[in-house]
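Taking it in order: structure first as structure tokens, then the write-up.
We name chains A, B, ... by the order of the sequence lines, and we start the count at 1 in each one. These values consider heavy atoms only, across backbone and side chains, with no hydrogens, waters or symmetry-generated copies.
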Amino acid sequence: MFDLNKIREQFPILKKQVNGKDLVYFDNGATTQKPQSVIDAVSNYYQEENANVHRGVHFLSGLATDKFEETRNTVRQFISAKHNHEIIFTKGTTDSINLIANGFRSLLKKGDEIIISELEHHSNIVPWQMCCELSGSTLKVIPLLDNGSLDMADFNNLLSKNTRLVAVSHVSNTLGTINPIKEIIEKSHSVGAKVLIDGAQAASHICLNMQELDADFYCFSAHKMYGPTGVGVLYGKEEILNTLPPYQGGGEMIKEVSFEKTTYASLPYKFEAGTPNIAGIIAFKSAIDFITELRIENIAKYEDELLQYATSEILKIEGVKIYGTSKNKSAIISFNIEDLHPYDIGTIVDKMGIAIRTGHHCTQPIMKRYNIPGTVRVSLAVYNTKTEIDICINAIKKAQEMLS
Amino acid sequence: MFDLNKIREQFPILKKQVNGKDLVYFDNGATTQKPQSVIDAVSNYYQEENANVHRGVHFLSGLATDKFEETRNTVRQFISAKHNHEIIFTKGTTDSINLIANGFRSLLKKGDEIIISELEHHSNIVPWQMCCELSGSTLKVIPLLDNGSLDMADFNNLLSKNTRLVAVSHVSNTLGTINPIKEIIEKSHSVGAKVLIDGAQAASHICLNMQELDADFYCFSAHKMYGPTGVGVLYGKEEILNTLPPYQGGGEMIKEVSFEKTTYASLPYKFEAGTPNIAGIIAFKSAIDFITELRIENIAKYEDELLQYATSEILKIEGVKIYGTSKNKSAIISFNIEDLHPYDIGTIVDKMGIAIRTGHHCTQPIMKRYNIPGTVRVSLAVYNTKTEIDICINAIKKAQEMLS
Amino acid sequence: METIKGIQAGIIEDFEMFDDWMQKYEYLIDLGKELTPIEEKYKIEDNLIKGCQSRVWLHAEKQDEIIIYTADSDAIMTKGIIAILISVLSNQKAAEIVSADLSFIDAIGLKEQLSATRANGLVSMIKKMKLYALALNNK
Amino acid sequence: METIKGIQAGIIEDFEMFDDWMQKYEYLIDLGKELTPIEEKYKIEDNLIKGCQSRVWLHAEKQDEIIIYTADSDAIMTKGIIAILISVLSNQKAAEIVSADLSFIDAIGLKEQLSATRANGLVSMIKKMKLYALALNNK
Ligand SMILES: Cc1ncc(COP(=O)(O)O)c(C=O)c1O
Ligand SMILES: Cc1ncc(COP(=O)(O)O)c(C=O)c1O
């Protein structure tokens, strides 16, 4: 049923050698690798179906349009959203968040407040800073506890009748913390605030149900879930999306254009100006199929097993400190080794074929919180193995030797 | 040297049958087909090189970053821009124009004027309408002459010291008109206005030289030039791009993020928030290589030959009227046949394997100008042939028979 | 008055005679040409259904218990499709129209024969006809 | 005073002895450890070169006709790279520094050995050192 070899076989890049060693790819938080089915879907589209979508009367255009809309339907099922038109295709999580930050701005006035958290990715910080600056509203920040979880007591204090929107990530890309978003959503709704969830690190690891979760907006990127680059999803509740002004102007998003008055198309097209990433969106369906065939519960269970193993092995390294130790955690481990700079460690283990990420991971406020220049980050995916973890730990120990 | 068979062989989709007939693809204005080299570049990226770009210390990340930046360099050479950092990757022409319309807005005040033209694609109309609405500036429109060329006398009258920006297309996607952009740029500059050129329909047909042309901004889409979907270019002059505020907030586009103060990265990264369409951008290089190997002058010459032939054949159809008959024309032919609706024609010839576009082509003001519901549009690319034109004309005549 | 079901069966039979798309299209074109024109006074904005490429004017009125549809379009094949829909749904009771199961569309392969845009137009046309019937019934 | 060219030749010779990346890295790490620390008072914002991942403080001063560089970094391999650059460029005349052709970098394959981010850091470090020399020379 859950056959690791069979899974790995589907990813051609995993057979690669890097610097003369078998690739160990532990940079999944940045982007995952792609199964052959996704790669083939892209090729197949260009070889058999390529045409611009919507409005075309000819066969290929109809075919491409059908397949394009099929992905929308697949995404809706995948996250149990109510309507297909609540699924907006964007170029990534960053694009999705900016779309909402831009639209929401027009609803804000001075004195209104937006709440984010200290562990957000820059993509879920900077758009709100820009939004607040332009609208005169105020940005509030939920602080972190030492273990890398949100200070929920403080969140309760921050929430008020002035809160218009709360934007937090489902899973921290640096600390691995799974945030209590259900609780955050409920509490935010109770004061009348909307909630945007940055699900970039969650969508391929946690089973999502929009109707149950009741999030107002949920954003994620295909490339972090075994899918193509340049494709993102913005889920939004129909009634709220309808109140937002369009983001970009262009083809597809209009009903009628005249120089006197332009009217906009209905959802989802109102937010999909211009020719979309058709190949990527069509191939994205194969990525979701890959996940649903394995069942995301199985993926989560296996990844958790890897997380436990990797954590215990990393803790055996002398002088190691893990950042992000909350109980509810996804398979992302950030750590530092006493007296060593993460950059040096990353540079050395790379030579041994191991791809890990070092640095601030686009979360500089977390670095500031812990007063560190960066971390070494191991982020795991379904195709990783315990053997790979062993190889990685050995490489890190070797680096430690060289550097001490 | 210019071997049509060899060219056609590179496009796998051209071997396809549609509705039992050999595909004749004349919808190149909407999107072109892709040569095998582009398709392979995408697969190869996912199979051999996939990793997130920038900031990564590991091998794959470095490789992907190098290739990514190689495309930027190739684009710079292709359009003879001065600096690599004047090339911003976007998701398409629409995205590029919106980026500028958003940034420019912050420089505008009431009383300022933006000039567009009557033949613009909605993507070069709606963003400026939104921009004017939010900034209180006024939108002026260069009208069309009957032959589908711009009324340059009127343009001269519209230009004034209040003009801040002129946004026109290089080639009309509906009428084929090649606009006198060099003249427009010079005249606009003489009153101190900036110029944005929508080059979506020009980049794969006309040799571009940014330094000679002196455009301030130039926008185009990879998918209309034998490249992947979901990739666009915004060229902008360094000194002007530097005066614009960032568009989207997120990873990569920052220098430092803190809750007190965020500073932005330098060009081009300032405008490239979030994970880009890495696969698409890397494969885009192969598309440009395809064009430069054929030499764009050869492409233009051949397409012009096709244009002349197709025009003369179409004019033999009884009751036909071509919209867009200016002398300086690209290989796009829009027409109608007396008493017939374009939609009916398109639907019938599709059954004969012919992909043409019908409708308003996202240029409703042109339809209004000529008081027509739409046109039949034949748009040609380098792989098209005279035989295909014959097949298409016969199909149209057959449709005319059936419909009359 | 023939039932909706009965009329559909007749259409299915008609279409079974056709060997290829061309005959089907020619049939649609003929139906389009023969469609009783809508009265000019009903060709107004309020009755306009804007499709992607062609425009359709649809008018409905109630005579006794019966709903009568008239329509027009600027594209002839669109007109042909409306003609079929009218032949099925016009002159029927509102309740019948609202609950009608229009299985003939799949049976004659109309959607596959049409482009995706046209198929969408077809769906929204049916929706509109049912809505009109519902509204008139509640009057 | 050895010439910039001469010093580079020495470095190239050193690197030729190494069989693999590990020896090269160990050498860089050793150089990093041995780098004379910058005076604390120069470890200020103004002297900071912010790389993607590590920070470098660079200070330059002129003694007679000669430019003297001191530097530090929080990452040891970055420090090693700076140590090499300093060994080549420090204690040289400003004019020599500004016009120096640092071909040893390609010769020892430093860029290929390093990640792209580090290679970028290297380039900007050299730029900065030359700029400092130029500025001091004009004083
Ligand atoms: C003249 C012109 N401008 C802009 C666009 C929009 O390009 P895209 O859909 O790739 O954003 C098009 C494409 O149809 C076009 O033809
Ligand atoms: C938590 C989180 N949010 C947002 C993003 C941005 O995603 P993208 O770069 O695909 O727009 C990332 C990706 O690094 C992330 O991890």
message: What verdict does the side chain to side chain contact (heavy atoms under 4.5 Å, CB included) test give for B/S123 and A/Q248, after you've listed the backbone C-alpha separation in whole Å, the side-chain angles of each residue and the deciding distance to 0.1 Å?
response: CA-CA 9 Å; B/S123 291; A/Q248 299 193 318; over 6 Å; no

message: I'd like to know whether B/E118 forms a side chain to side chain contact (heavy atoms under 4.5 Å, CB included) with A/F259, so could you lay out the CA-CA distance, the side-chain angles of the two residues, the decisive distance to 0.1 Å, and finally the verdict.
response: CA-CA 9 Å; B/E118 200 173 4; A/F259 296 121; 4.0 Å; yes

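With a threshold of 4.5 angstrom between heavy atoms, A/P245 does not approach chain B through any atom at all. At a 4.5 Å heavy-atom cutoff, the contact between A/D95 and chain B is made by backbone and side-chain atoms alike. For A/I354, the part sitting under 4.5 Å from any heavy atom of chain B is the backbone (N, CA, C, O) and nothing else. Within the 4.5 angstrom heavy-atom criterion, only side-chain atoms of A/N98, from C-beta onward, approach chain B. Heavy atoms of A/Q47 lying under 4.5 Å from chain B belong to its backbone as well as its side chain. With a threshold of 4.5 angstrom between heavy atoms, A/F11 does not approach chain B through any atom at all. Using a 4.5 Å cut-off between heavy atoms, A/S106 does not touch chain B at all. In this structure, chain B has a heavy atom under 4.5 Å from the side chain of A/M253, while its backbone stays farther away. Only the backbone of B/T32 comes within contact range of chain A, with heavy atoms under 4.5 Å apart.
When the shell of 6.0 Å around NZ of A/K270 is examined, it contains more than 12 heavy atoms from other residues, nucleotides or ligands.
Between B/L23 atom CG and A/E48 atom CD the span is 11.0 Å, to the nearest 0.5 Å. Taken from CD1 in A/I254 to SG in B/C362, the straight-line distance is 6.5 Å, to the nearest 0.5 Å. Here A/I39 contributes atom CD1 and B/I39 contributes atom CD1; the two are 14.5 Å apart, rounded to the nearest 0.5 Å. The distance from atom CG of A/N277 to atom CG of B/N277, rounded to the nearest 0.5 Å, is 5.0 Å. Taken to the nearest 0.5 Å, the CG atom of B/L60 stands 9.0 Å off from the CG atom of A/D27. A/Q364 CD to B/S258 OG: the interatomic distance, rounded to the nearest 0.5 Å, is 8.5 Å.
When all heavy atoms of A/V257 and B/P365 are compared, the pair lying nearest together is O-CD, 4.1 Å. Closest heavy-atom contact between A/A279 and B/T229: N-OG1, 3.1 Å.
Within the 4.5 Å cutoff, the side chain of B/Y46 has heavy atoms near those of the A/P228 side chain. Taking 4.5 Å as the limit, some side-chain heavy atom of B/V57 sits within range of a side-chain heavy atom of A/Y343.
Most heavy-atom pairs under 4.5 Å with chain B: of the set A/G251, A/G346, A/S43, A/G249, this distinction falls to A/G249. Heavy-atom pairs under 4.5 Å with chain B were tallied for A/I97, A/D40, A/I278; the largest tally goes to A/I278. The most heavy-atom pairs under 4.5 Å with chain B, out of A/T363, A/I356, A/L139, A/I281, come from A/I356. The greatest number of non-hydrogen atom pairs below 4.5 Å with chain B, out of A/M367, A/Q36, A/R357, is found for A/R357. Each of B/Y264, B/Y247, B/Y45 has some count of heavy-atom pairs under 4.5 Å with chain A, and the biggest count is that of B/Y247. Across B/Q33, B/E252, B/M130, B/K15, the residue that shares the most heavy-atom pairs under 4.5 angstrom with chain A is B/Q33. Each of B/L14, B/N102, B/I125, B/L99 has some count of heavy-atom pairs under 4.5 Å with chain A, and the biggest count is that of B/I125. Between chain B and the options A/V42, A/T358, A/T275, heavy-atom pairs under 4.5 Å are most frequent for A/T275. Between chain B and the residues A/K224, A/Q129, A/K368, the largest count of heavy-atom pairs under 4.5 Å involves A/Q129.
Ring geometry for A/H58 versus B/Y25: interplanar angle over 60°, hence perpendicular rather than tilted (30 to 60°).
A donor-acceptor contact shorter than 3.5 Å links the side chain of B/N52 to the backbone of A/A30.
A salt bridge does not link A/E49 with B/K16: every distance from a Lys NZ or Arg NE/NH1/NH2 to an Asp or Glu carboxylate oxygen is 4.0 Å or more.
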